[in-house]
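Data first, discussion second: the structure below is written as structure tokens.
When a ligand or atom number is given, it counts from 1 through the structure's own listing order. Note that these values count all heavy atoms, side chains included, but never hydrogens, waters or copies made by symmetry.
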Amino acid sequence: MTGTRVLVLNSGSSSVKYQLLDMSDSSRLAQGLVERIGEQTSRLKHTPLATGESRERSGPIHDHDAALKAVAEELAQDGLGLDSPELAAIGHRVVHGGKHFTEPTVIDDAVLAEIERLIPVAPLHNPANLTGIRTARALRPDLPQVAVFDTAFHTTMPESAARYAIDVKTADEHRIRRYGFHGTSHAYVSRATAALLGRAPEEVNVIVLHLGNGASASAVRGGKCVDTSMGLTPLEGLVMGTRSGDADPAVIFHLARVGGMSIDEIDTLLNKKSGLIGLCGDNDMREIRRRVDEGDEQAKLAFDIYIHRLKKYIGAYYAVLGRVDAVVFTAGVGENAAPVRAAAVADLESLGLAVDDELNAVRGDEPRLISPAGARVKVAVVPTDEELEIATQTYALVESNGYAAPPQGN
Ligand SMILES: Nc1ncnc2c1ncn2[C@@H]1O[C@H](COP(=O)(O)OP(=O)(O)O)[C@@H](O)[C@H]1O
Ligand SMILES: CC(=O)OP(=O)(O)O
Ligand SMILES: [Mg+2]
């Protein structure tokens with residue numbers, strides 16, 4: 001007998017999001033979040049879906065290893081422990097898969113080594129992903145562990161979009177190219193958008209705007225990514241919660257030469273102290289909107305810079321695709337912030353883009369159109385579900401590849 005359950009782990013730099021799903025009907029059995037790992041004020045919130053009653057723990061959780069062990073304890077309390085024979089596999093979100101990983105991959109020692117080799121290009125993400133994998137392998141060495149890469153969906157980008165105009169020899173030597181991230185979300189949402197339009201993914205061209213704490217845009221032609229806004233690392237592109245997105249690379253030389261900053265200080269500045277938080281002191285769009293509504297000028301400027309960049313990418317990807325069937329908003333900001341959606345497509349009627357204010361104001365968990373009836377280009381809100389997508393890809397792989405784990409070395 002083999003199980004049908006998949007545990008999905010999405011380890012971020014200071015958090016772990018997880019879900020346990022039953023893939024016989026894609027239902028959720030439990031979900032939760034560990035936040036502020038490594039601080040004194042860590043918090044674990046666990047919800048078994050059978051009762052829907054959340055439990056919380058607070059107090060220091062020192063690292064991702066301890067976080068995952070605490071998650072395993074919570075699951076065990078609900079009779080959903082990692083020792084269950086029902087568990088078929090563990091699926092891991094891995095942010096950087098380089099050029100090498102174009103598909104979900106069963107993790108063995110060689111795969112682990114390659115993910116480790118990519119740490120320099122995803123310093124905030126890959127180390128946390130690795131710890132999650134190592135702890136899960138130690139807890140259940142007999143189970144297949146599958147890596148689902150953020151970069152995989154973007155490997156279809158043509159060279160003209162994937163290459164920087166940097167000396168080819170130097171770029172190749174250091175594997176400098178545009179990889180793109182949030183691919184699991186862009187894949188899921190572009191497919192769900194085609195379904196919302198009642199058409200096959202191969203027939204539609206969509207611009208996906210994944211606006212979470214990290215944010216990225218993609219141009220998807222007939223189900224395949226042809227361009228995306230993040231690059232070598234998740235720093236390029238849109239204005240994000242704490243990341244600058246696009247900036248003249250000479251800013252870095254200037255800060256080093258004239259500002260006397262070290263490379264590590266500049267790295268922290270651009271990744272953690274810029275974006276919305278750097279512009280106005282808040283990175284949460286709810287708080288920024290509240291301040292804007294109160295007439296706060298600094299928050300208004302931060303909002304305007306965020307929207308200006310978003311608009312530039314909508315225009316750019318319109319031109320890249322030539323014909324656009326839908327522009328779709330997803331992730332925390334995209335799904336919830338109606339003023340962001342309205343502002344991003346404001347004054348773009350000549351491109352066939354507009355939102356209907358009443359439809360845009362509706363809240364909900366279902367994919368929905370927010371453009372006026374009969375619009376040439378649809379504008380949509382499609383909630384992302386990276387965990388379901390990771391579970392689906394993980395389960396499909398173990399079903400076709402077998403349920404045994406590869407041997408472990410070290
Ligand atoms: N009701 C809301 N209105 C506006 N923004 C929201 C709302 N709910 C969440 N957000 C935004 O979504 C962000 C988190 O998005 P999410 O996709 O969960 O991010 P991540 O997965 O990158 O942590 C928050 O920082 C906040 O800015
Ligand atoms: C790649 C990336 O930016 O991920 P996140 O949005 O989870 O930080
Ligand atoms: Mg996210």
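Evaluated for a side chain to side chain donor-acceptor pair (under 3.5 Å) with Arg178, the options Thr228, Asp227, Thr151 yield exactly one hit, Asp227. A side chain to side chain donor-acceptor pair (under 3.5 Å) with Asp150 is found for one member of Arg93, His125, His182 and no other, namely Arg93.
For ligand 1, the atoms closer than 4.0 angstrom to any heavy atom of Ala337 are 4 (C). When each atom of ligand 2 is checked for a heavy atom of Met230 under 4.0 Å away, the hits are 3 (O). Within ligand 1, counting atoms from 1 as listed, the ones closer than 4.0 Å to a heavy atom of Gly214 are 22 (O). Atoms of ligand 2 found under 4.0 Å from any heavy atom of Asp150, numbered from 1 in the order shown, are 1 (C). Residue His125 approaches ligand 2 through these ligand atoms, each under 4.0 Å from one of its heavy atoms: 2 (C), 4 (O), 5 (P), 8 (O). Below 4.0 Å from some heavy atom of Phe181 lie the following atoms of ligand 2, by number and element: 1 (C). Listed by atom number, the atoms of ligand 2 under 4.0 Å from Pro234 heavy atoms are 1 (C), 3 (O).
Ranked by closest heavy atom to atom 7 (O) of ligand 2, the top entry among His182, Arg93, Glu386 is Arg93. When the options Asn283, Asn336, Asp282 are ranked by their closest heavy atom to atom 1 (N) of ligand 1, first place goes to Asn336. Of the listed residues (Arg243, Met240, Lys17), the one carrying the non-hydrogen atom nearest atom 3 (O) of ligand 2 is Arg243. Looking at Val333, Asn213, Leu276, it is Asn213 that brings a heavy atom closest to atom 25 (O) of ligand 1.
In this structure, Tyr179 and His96 have perpendicular ring planes: the angle between them is above 60°, well past the 30° mark.
Closest approach of Tyr313 to Ala217, counting heavy atoms only: CB-CB, 4.3 Å. Nearest approach of Glu386 to Ser185, heavy atoms of both residues: CG-CB, 3.8 Å.
Contacts between His210 and ligand 2, counted as non-hydrogen atom pairs separated by less than 4.0 Å, are absent for every part of the residue.
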